[in-house]
Amino acid sequence: MNQQDHSHWDTEQSSELYGIKRWGNSYFGLSTDGKVTANTLNTEVALLDIVEGMVERDLQMPVLLRIENILDAQIMRLNEAFRRSIKMLGYQGQYRGVYPIKVNQQAQIIEEIAAFGARYQHGFEVGSKPEMIAALSTLEEPGSLIICNGYKDQEFIELGLQAIKLGFRCFFVIETPTELPIIIERSKVLNIEPTIGVRIKMTTKVSGHWKPTSSDRSVFGLSATQLIDIVDTLKQEDMLHCLQLLHCHLGSQIPNIQEIRNGVVEACRYYADLVKEGAALSHIDLGGGLAVDYTGAQNNDDQSRNYSLDEYCEDLVDTLKHTLDEYNIPHPTIITESGRATVAYTSVLLFNILETTTFEPTNLPEPTADEHPLLIKLREIKGYLTPNRVQECYNDAHYYRDEVRELFKRGQVNLREQSIAENRFFDALHRIKDLLNDMEHTPQDLEGLKLSLADIYYGNFSLFQSLPDIWAIDQLFPIMPIHRLNEEPTRQAVIADITCDCDGKIDRFIDGHQVAQTLPLHPLKVGEEYYLGVFLVGAYQETLGDLHNLFGDTNVVSVRLNSDGSFDFAKEIHGDTIADVLSYVEYHPKEMQLRYRNTAERAVKEGRITARDRQQMIKTFNASMQGYTYYEKED
Ligand SMILES: *Cc1c(COP(=O)(O)O)cnc(C)c1O
């Protein structure tokens, strides 16, 4: 490596620039030789080394990398933080975590949570029959919790009652009054006593993206009247002792701890009064909401949070203890349903850059004697460019460039002249941009200049398939190169995906406490791949993704890091083939192959191609059908 190239730049500067310590939650760092590392078990493994292992295994980019140790560590941190808070504050109940399957339903994730979580009896929250089936077939530890939310029909309820008989702590959380009669009837028929919860409708308002989850118009939860009806019905049936759990969920990604506390106080009021009504409550489920600090800003913006995990646990435990002590009520088991915070860190989307487009002069030929006057004007701008005249120069550059375009349309300027104009225009704009860097105040018109001159880096991925929340809800994820971090990133870029959709781009990036429109990146090197990572993508991205332009699921690789710094490819799943995605949209790959064969055969008959050509074409077609939907490099 050439020392001189980057002697003025070190990895500390990259670390600061990309904020990896702020959002990495200590799971990601930089090695001294400029690579992003995954850090667990006191060792560091460079992501680039993992990528090289993938290349050897013919797992092409893009790849969704899952680091199993990070998922384990998050489950451990959550459970241990609650245990510490409970001990420290003298709370009399226990903590029991459940993972809401909807946040990432992939079998690898669910199996890992069940396997590692068994030591904490970490359970599952399920919101549908498929999720229930997934939970029942993965959990082994008796006593693990299964919290059943969502609409529950007779079949769902039978599955749950049988789970109770098997030894799981399965709760039916009643979300609508219609569920109760089915639960009562089925439990009598099967002769299994149900354990029941009620979901309350919270009035506590929360900020962040999921505001409507709480308040009067929330589609979830029971009103006071509905709660009373349920209590009365259970009393009549002599089943009030089955009502053991109170459930609430304020929303996801709650950035402000004060709102979470307010929610707990409200939940305690319901808890206390239901106990007074004679319910045998013993569990309080506070739902999800534990936020991920995507930006690393540690503030109460939508994509951050103003509290740590320890503060979250202490505040929950402390508020429960104080509020319930006032009513002299025994401390219940605390349940939370943290999804996002459990799985976000475990996954990284990795992709290579295919090419870049720059908006700068590539060729500035010497002036010639017979130059068009407008080309001369464009060339002369740099001569009067001073801080006082930036706006004027900016206007002139646009004016002359536009004039040249007009003349081109009318046939008075030729293509070569238009090319010279383009180059001189970009030259002027870059000179203006450089001058602005040294100026205190940027004229308003010129604020978009940096963005309009930013490079486009074309990434081998589909935003719609792999990062749908960027498109749907303006989610910010940390994005950075995973190598070359001991070199100064001298380019400013936006990232385009390969879907040919103008929405398939990333132009909002985390920049300290702000959002930047461009990301600093390195120039590409000939003959060397350039890899970017999108971090914290383990929650909600995978199954929300879609088949826009028929780009399918990416390859997925799960690695397990070992304490000696080595790593194992624990699992690998090849992404969708072209035949796979075509069959999702009702094509029949076998028939398509047959039809293409017939078309080629006709061409042979009509003498347009030889039989040998036909064979080659069919081979290419069939191989392509079995190939990856993304851009593949031939070796
Ligand atoms: C979605 C959801 C969760 C998960 O919330 P996170 O903020 O991702 O932890 C938990 N509980 C219920 C009822 C949910 O609908």
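Note that ligands are numbered from 1 as they come in the structure, with each ligand's atoms numbered from 1 the same way.
- Ion pairing of R199 with D285 is absent here, as no side-chain N (NZ or NE/NH1/NH2) approaches a carboxylate O to less than 4.0 Å.
- Taking a cutoff of 4.0 Å between a charged side-chain nitrogen and a carboxylate oxygen, K188 and E237 qualify as a salt bridge.
- Around ligand 1, the residues contributing at least one heavy atom under 4.0 Å from the ligand are P100, K102, V103, E125, N149, R199, H249, S252, Q253, G288, G289, E337, S338, G339, R340, Y540.
- Contact check on D310 versus R84 returns a salt bridge, with a Lys/Arg side-chain nitrogen under 4.0 Å from an Asp/Glu carboxylate oxygen.
- A cation-pi arrangement is absent between R269 and Y271 under the rule of less than 6.0 angstrom and at most 45 degrees off the ring axis.
- Partners of Y95 by ring-ring contact (aromatic ring centres under 6.0 Å, His included), not counting sequence neighbours, listed by chain and number: F82.
- When N25, V343, N69, L309 are each tested for a side-chain contact (heavy atoms from CB on, under 4.5 Å) with Q74, only one passes: N25.
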